[in-house]
Amino acid sequence: MSPAEQSQRKRSTRNGWLLSAPALTLLFLAASGPLLIVLVYSFLTPGQYGNVIWDFSFDGWIGILYTRDIFDGTMNLADAHLTIFWRSVKLSLMTTALTFALGFPTAWFIATRPPAQRAMWLFLITIPFWTNLLIRTFAINEVIRNEGLMNTVLTGIGLISEPIRLINTDTAVFIGMAYVYLPLMVLPLFAAIDRFDMKLLEAGYDLYASRLQVLRHVIMPIVKPGIVAGSILVFVPSLGAYVTPRVLGGGKNMMIGNFIELQFGQGRNWPLGAALSMALLLIVMAALLVYVRASTKGSNPHG
């Protein structure tokens with residue numbers, strides 16, 4: 001390459017960076033900047049009435065797993081914190097499993113409809129996104145509460161003698177999150193199934209494979225990227241859910257998102273809230289790394 005061409009390439013690269021500088025600056029200020037502030041706060045000392053004292057401390061991170069006794073200063077395992085983390089992970093995994101169990105046959109049904117009908121079915125799936133999350137959560141609350149639609153119908157037809165008490169329980173949060181995030185599972189699954197070559201099913205049956213064997217060895221490996229994508233799209237927002245656990249779970253069935261809000265509000269322990277936020281971010285990043293790795297394997301024809 002001649003010196004003139006090298007100079008021209010350097011000039012083009014410099015101009016490209018200059019043109020993208022405003023967008024990169026905005027991205028840093030709007031995304032990375034707040035995360036950096038939260039990271040710094042996690043290593044500071046909590047103030048007496050909220051905010052932080054600019055003294056370096058690991059108490060925020062230690063407080064995730066341990067609590068300090070207010071009388072003698074001894075450290076004890078934070079059972080309540082671990083319970084909240086376990087509840088969050090458990091409910092997120094259960095929500096992901098239920099949405100997959102409901103979403104896969106739904107996506108398969110839509111993908112196997114005539115092309116002229118698929119748009120209508122996808123339109124029906126996306127209708128809930130037109131409504132605010134809070135309104136959808138209150139809607140499911142009206143269905144499952146003690147005097148709600150479900151209990152009224154079941155009592156009216158004589159299947160139950162007294163209302164089924166679901167509200168303010170983990171089960172209510174589980175049902176609510178599955179209802180809210182189900183479309184996020186259906187859409188990636190539909191995209192994967194829509195590209196599936198149905199002739200492979202005939203080939204599997206011609207080789208005397210059973211329906212279960214065709215599902216396990218033909219369908220699942222091919223639509224695996226859609227399964228992983230849908231699982232991540234459901235698991236990540238479920239893990240950090242705030243509105244649904246707050247409305248359906250009450251104050252005693254909080255998840256990580258509610259616990260973080262509590263530290264920045266009534267708890268007045270901003271470093272602990274910041275450390276919890278960063279811990280949640282690390283969990284989400286780990287889940288995304290699993291997604292990237294699984295997607296890479298799924299796209300490898302020799303994998």
Side-chain angles (χ1 to χ4, degrees), residues 34-35 37-46 50 52 57-70 74-100 133 137 166-181 184-185 228 231-294:
L35 288 178
I37 294 174
V38 172
L39 178 62
V40 172
Y41 274 22
S42 68
F43 291 102
L44 299 179
T45 302
V52 293
S57 174
F58 280 106
D59 287 348
W61 288 93
I62 295 174
I64 296 177
L65 297 177
Y66 296 94
T67 57
R68 189 182 302 275
D69 191 280
I70 61 175
T74 58
M75 302 295 292
N76 300 304
L77 192 64
D79 296 335
H81 298 183
L82 297 178
T83 299
I84 292 173
F85 267 92
W86 168 240
R87 178 187 295 118
S88 302
V89 174
K90 178 186 69 174
L91 289 177
S92 298
L93 291 174
M94 292 172 57
T95 300
T96 303
L98 180 60
T99 53
F100 173 73
L133 173 62
T137 304
L166 293 176
I167 206 67
N168 295 337
T169 65
D170 287 351
T171 303
V173 177
F174 169 52
I175 295 173
M177 291 198 304
Y179 162 71
V180 168
Y181 298 122
L184 297 179
M185 178 65 76
V228 177
S231 299
I232 292 297
L233 288 176
V234 172
F235 178 79
V236 170
S238 297
L239 190 62
Y242 172 78
V243 173
T244 304
R246 183 69 181 85
V247 174
L248 301 179
K252 296 182 180 180
N253 299 84
M254 66 174 62
M255 293 176 62
I256 298 178
N258 309 103
F259 190 49
I260 292 173
E261 186 274 335
L262 180 65
Q263 301 309 313
F264 283 101
Q266 299 177 10
R268 298 178 181 178
N269 193 341
W270 289 18
L272 177 57
L276 289 168
S277 301
M278 297 308 299
L280 178 61
L281 179 61
L282 292 175
I283 296 174
V284 171
M285 288 179 61
L288 292 177
L289 289 176
V290 171
Y291 163 65
V292 171
R293 184 175 180 181

*Could you pull out all residues at least two apart from Leu281 that satisfy side chain to side chain contact (heavy atoms under 4.5 Å, CB included)?*
Leu35, Met278, Met285
*How would you list, by chain and number, every residue that makes a side chain to side chain donor-acceptor pair (under 3.5 Å) with Ser238, sequence neighbours excluded?*
none
*Please name all residues satisfying ring pair (Phe, Tyr, Trp, His ring centres under 6.0 Å) with Phe58, sequence neighbours left out, ordered by chain then number.*
Phe43, Phe56
*Could you tell me whether a side-chain N or O of Thr95 sits under 3.5 Å from a main-chain N or O of Met177, the two making a donor and an acceptor?*
no
*What is the distance from atom CG of Leu280 to atom CE of Met255, rounded to the nearest 0.5 Å?*
9.5 Å
*asked:* A side-chain contact here means heavy atoms from C-beta on lying under 4.5 Å apart; do Gln263 and Trp270 qualify?
replied: no
*asked:* Could you measure the distance from the OG1 atom of Thr169 to the CG atom of Asn253? Nearest 0.5 Å is fine.
replied: 6.5 Å
_Residues that Ala274 engages under side chain to side chain contact (heavy atoms under 4.5 Å, CB included), provided they are two or more places apart_ = Val38, Tyr41, Ser42, Phe264
*If you round to the nearest 0.5 Å, how far is CD1 of Ile64 from CD1 of Ile84?*
12.0 Å
*asked:* How long is the straight-line distance from CZ of Phe85 back to NZ of Lys90, given to the nearest 0.5 Å?
replied: 15.5 Å
*First locate atom CG of Leu93, then atom CG of Leu98, and finally report the distance between them rounded to the nearest 0.5 Å.*
12.5 Å
*Return the set of residues passing side chain to side chain donor-acceptor pair (under 3.5 Å) with Asn258 (not counting sequence neighbours), or none when no residue passes.*
none
*Before giving the answer on side-chain contact (heavy atoms from CB on, under 4.5 Å), spell out for Leu248 and Thr137 the whole-Å C-alpha distance, their side-chain angles and the decisive distance to 0.1 Å.*
CA-CA 8 Å; Leu248 301 179; Thr137 304; 4.0 Å; yes
*Output the distance between atom OG (Ser88) and atom CG (Leu239), rounded to the nearest 0.5 Å.*
6.0 Å
_According to side chain to side chain donor-acceptor pair (under 3.5 Å), who are the partners of Arg87, at least two apart in sequence or on a separate chain?_
Asp170
_Partners meeting side chain to side chain contact (heavy atoms under 4.5 Å, CB included) with Thr96 (sequence neighbours left out)_ = Met185, Ser231, Val234, Phe235
_Ala78 versus Thr67, closest heavy-atom pair with distance_ = CB-CG2, 3.6 Å
*ring pair (Phe, Tyr, Trp, His ring centres under 6.0 Å) with Phe259: which residues, sequence neighbours excluded?*
His81
*Leu233: which of Val228, Thr99, Leu184 passes side chain to side chain contact (heavy atoms under 4.5 Å, CB included)*: Leu184
*Please identify each residue that fulfils side chain to side chain donor-acceptor pair (under 3.5 Å) with Ser57, with sequence neighbours left out.*
Asp59
*Under the ring pair (Phe, Tyr, Trp, His ring centres under 6.0 Å) test, residues paired with Phe100 that sit two or more places apart*: Phe104
_When you compare the side chain of Val52 with that of Thr45, does any pair of heavy atoms fall below 4.5 Å?_
no
*asked:* Using the side chain to side chain contact (heavy atoms under 4.5 Å, CB included) criterion, which residues pair with Leu288? Sequence neighbours excluded.
replied: Ile232, Val284
